[in-house]
Amino acid sequence: MPQLPEGDPAPPTGQLPASALTHLPRRPLAVYVHVPFCRVRCGYCDFNTYTLGELGSERSPATYVDSAQRELALADRVLGPDVPPVDTVFFGGGTPTMLPAADLTGLLRGIRETFGLAPGAEVTTEANPDSVDAAYLETLRENGFTRVSFGMQSAVPHVLATLDRTHDPANVERAVAAARAAGLAVSLDLIYGTPGESTGDWATSVDAALALAPDHLSAYALTVEEGTKLAAQVRRGVHPAPDPDDEADKYALVDERLAAAGYGWYEISNWARTPTDRCRHNLHYWSGANWWGIGPGAHSHVGGVRWWNVKHPSAYAARLASGDSPAAARETLTVEQQDDERVLLGIRLANGLPIDDLGAQARLRVGELIGDGLVDGQLALTDRRLVLTRRGRLLADTVVHALLAT
């Protein structure tokens with residue numbers, strides 16, 4: 001996601017310009033619910049999360065649920081009567097499954113009663129493998145959840161320790177089996193490039209994930225974010241910074257092994273067993289659809305207007321308790337910005353970009369990108385689409401720079 005500017009003040013009512021709502025009925029609507037609680041803070045994570053000890057009793061999960069329901073009511077008022085049924089819902093965090101199952105299903109029920117759910121709607125929650133059991137997962141499935149994404153990260157204990165991940169690797173298998181028994185689709189998240197992780201360690205993690213036969217798998221290169229514990233450790237020399245060449249080799253390894261196992265990449269960091277197993281919610285982000293983000297720090301986008309909520313749960317709750325929008329700021333994207341983001345996000349997808357939709361300068365650079373082995377020359381010729389090669393996926397920023405250069 002591009003770095004957001006400071007933005008303009010958001011109106012206390014949350015009201016959107018009429019132009020943003022014009023095409024609302026004709027585009028999919030997604031809802032993201034940010035649950036900001038974690039049992040412990042992982043050293044590499046810079047997401048907007050808090051341990052319960054940091055928040056104190058006044059900002060308990062129960063208080064959060066009340067505030068989230070208030071924001072849902074606000075969304076109903078702002079979007080108006082022409083809103084389409086929700087196509088996808090994603091509970092992220094944080095660790096959403098720190099909430100009781102009744103709270104998650106209650107929030108989903110609120111979304112269903114407010115907007116309706118489209119037939120076949122995809123409803124996902126992220127989960128720590130240690131935070132769920134069979135009864136919890138069965139409750140989710142019985143109340144409309146369709147998918148669970150487990151933060152596996154690694155199967156190697158010393159790698160998990162460096163990341164400050166506290167789950168037992170053996171519990172991933174247990175959690176996946178329980179999700180399958182409940183009838184939920186399963187996704188696994190992996191991270192590569194952790195300091196001290198050998199190629200053999202990474203291969204062990206990939207093979208362990210494949211042995212669980214997930215429907216979907218994500219693999220992300222570790223990024224050392226400023227302000228995190230890991231960043232401080234790297235700065236002090238406790239850990240080396242991730243090596244880009246090492247991460248490139250590990251990307252090639254996971255891509256090769258997943259392809260051999262029958263998984264297809266559909267976004268640079270995401271693979272699915274079949275096209276129907278792709279994460280439709282994330283595809284909405286990458287295709288510029290409309291979504292409303294509920295929760296502290298959550299981001300939203302409707303009709304070219306993007307906004308983001310205040311981060312701290314106390315400030316979030318206070319805004320909503322007073323009847324105001326929790327939005328901290330927003331921006332209205334220009335036509336040029338929207339076009340640039342279509343390139344920035346669309347090139348990451350296996351469907352690629354239609355060459356004929358690119359500007360004249362970008363079209364002139366297609367031959368050079370093919371010659372450098374960054375895009376598939378055959379697809380460019382036969383389908384008139386720019387699709388990244390594996391080398392291009394590793395150098396996607398280079399491709400974007402070439403396409404957007406003036």
Side-chain angles (χ1 to χ4, degrees), residues 1-6 32 34-56 59 64 90-98 126-131 149-169 172 188-198 201-202 205 218-248 250-251 254 268-270 282 285 293 295-299 308-316 328-329 397:
M1 181 68 69
Q3 182 66 39
L4 290 171
E6 292 184 2
Y32 171 73
H34 184 73
V35 181
F37 308 115
C38 281
R39 189 164 67 84
V40 297
R41 186 185 300 281
C42 297
Y44 65 93
C45 179
D46 74 334
F47 294 165
N48 188 45
T49 62
Y50 306 84
T51 66
L52 297 185
E54 291 172 328
L55 293 173
R59 288 292 161 251
Y64 160 80
F90 197 103
F91 290 77
T95 306
T97 47
M98 279 191 66
E126 294 180 334
N128 185 307
D130 287 347
S131 67
S149 178
F150 290 113
M152 178 179 176
Q153 316 312 2
S154 175
V156 179
H158 80 83
V159 175
L160 291 172
T162 300
L163 294 171
D164 289 329
R165 297 290 294 184
T166 59
H167 70 264
D168 182 342
V172 178
L188 297 176
D189 283 0
L190 295 175
I191 290 177
Y192 58 90
T194 300
E197 178 190 62
S198 68
D201 291 334
W202 176 235
S205 295
S218 302
Y220 301 105
L222 178 67
T223 301
V224 179
E225 302 287 357
E226 283 301 318
T228 62
K229 175 182 173 183
L230 181 59
Q233 291 171 329
V234 169
R235 192 163 50 248
R236 296 197 310 268
V238 175
H239 294 304
D243 178 355
D245 291 335
D246 173 70
E247 290 187 332
K250 288 172 178 173
Y251 181 87
V254 68
I268 288 176
S269 300
N270 291 272
N282 285 343
Y285 292 156
H299 292 206
W308 44 100
N309 288 347
V310 293
K311 287 188 172 184
H312 200 279
S314 294
Y316 172 76
D397 288 346

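Only heavy atoms go into these numbers, but all of them, side chains included; no hydrogens, no water, no symmetry mates.
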Contacts under 3.5 angstrom, residues 153-165 side chains, donor-acceptor by atom type, not counting sequence neighbours:
residue : atom : partner : partner atom : Å
S154    : OG   : V156    : N            : 3.0
S154    : OG   : S205    : OG           : 3.1
H158    : NE2  : D201    : OD2          : 2.9
T162    : OG1  : H158    : O            : 3.1
D164    : OD2  : G43     : N            : 3.2
D164    : OD2  : K229    : NZ           : 3.2
R165    : NH2  : G151    : O            : 2.8

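- A pairwise comparison of heavy atoms in N270 and S218 identifies OD1-OG, 2.5 Å as the closest pair.
- Counting all heavy atoms, side chain and backbone alike, P36 lies closest to Y64 at CD-CE1, 3.8 Å.
- Under the side chain to side chain contact (heavy atoms under 4.5 Å, CB included) criterion, V40 pairs with T166, not counting sequence neighbours.
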(request) Show the numbers, then the answer: is there a side chain to side chain contact (heavy atoms under 4.5 Å, CB included) between Y285 and Y32? (result) CA-CA 11 Å; Y285 292 156; Y32 171 73; 3.4 Å; yes
(request) Please step through side chain to side chain contact (heavy atoms under 4.5 Å, CB included) for the pair Y50 and K311, ending with a clear verdict. (result) CA-CA 10 Å; Y50 306 84; K311 287 188 172 184; 4.2 Å; yes
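- Without hydrogens or angle criteria, N309 side chain to G295 main chain gives a donor-acceptor distance under 3.5 Å.
- Residues passing the side chain to side chain contact (heavy atoms under 4.5 Å, CB included) test with S131, sequence neighbours excluded: T95, T97, A127, N128.
- Remark: R235 pairs with E226 by the salt bridge (Lys or Arg N to Asp or Glu O under 4.0 Å) rule, at least two apart or across chains.
- Of the inter-residue distances, the one linking W202 atom CH2 with K250 atom NZ reads 8.5 Å to the nearest 0.5 angstrom.
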(request) Would you check, one step at a time, whether the test side chain to side chain contact (heavy atoms under 4.5 Å, CB included) holds for S314 with Y316? (result) CA-CA 5 Å; S314 294; Y316 172 76; over 6 Å; no
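- With sequence neighbours left out, the side chain to side chain contact (heavy atoms under 4.5 Å, CB included) criterion links F47 to C45, T49.
- Closest approach of V224 and P242 over heavy atoms only: CG2-CD, 3.5 Å.
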(message) Show, in sequence, the C-alpha distance, side-chain angles and deciding distance for D189 and M152, and conclude whether the side chain to side chain contact (heavy atoms under 4.5 Å, CB included) test is met.
(response) CA-CA 5 Å; D189 283 0; M152 178 179 176; 5.9 Å; no
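- The backbone N or O of G297 sits nowhere less than 3.5 Å from a side-chain atom of W308 that would complete a donor-acceptor pair.
- In terms of heavy atoms, P129 sits closest to V172 at CG-CG2, 3.8 Å.
- Checked against side chain to side chain contact (heavy atoms under 4.5 Å, CB included), A221 has the following partners two or more places apart in sequence or in another chain: Y192, E247.
- Listed for the H34 side chain is a donor-acceptor partner under 3.5 Å among the backbone atoms of N48.
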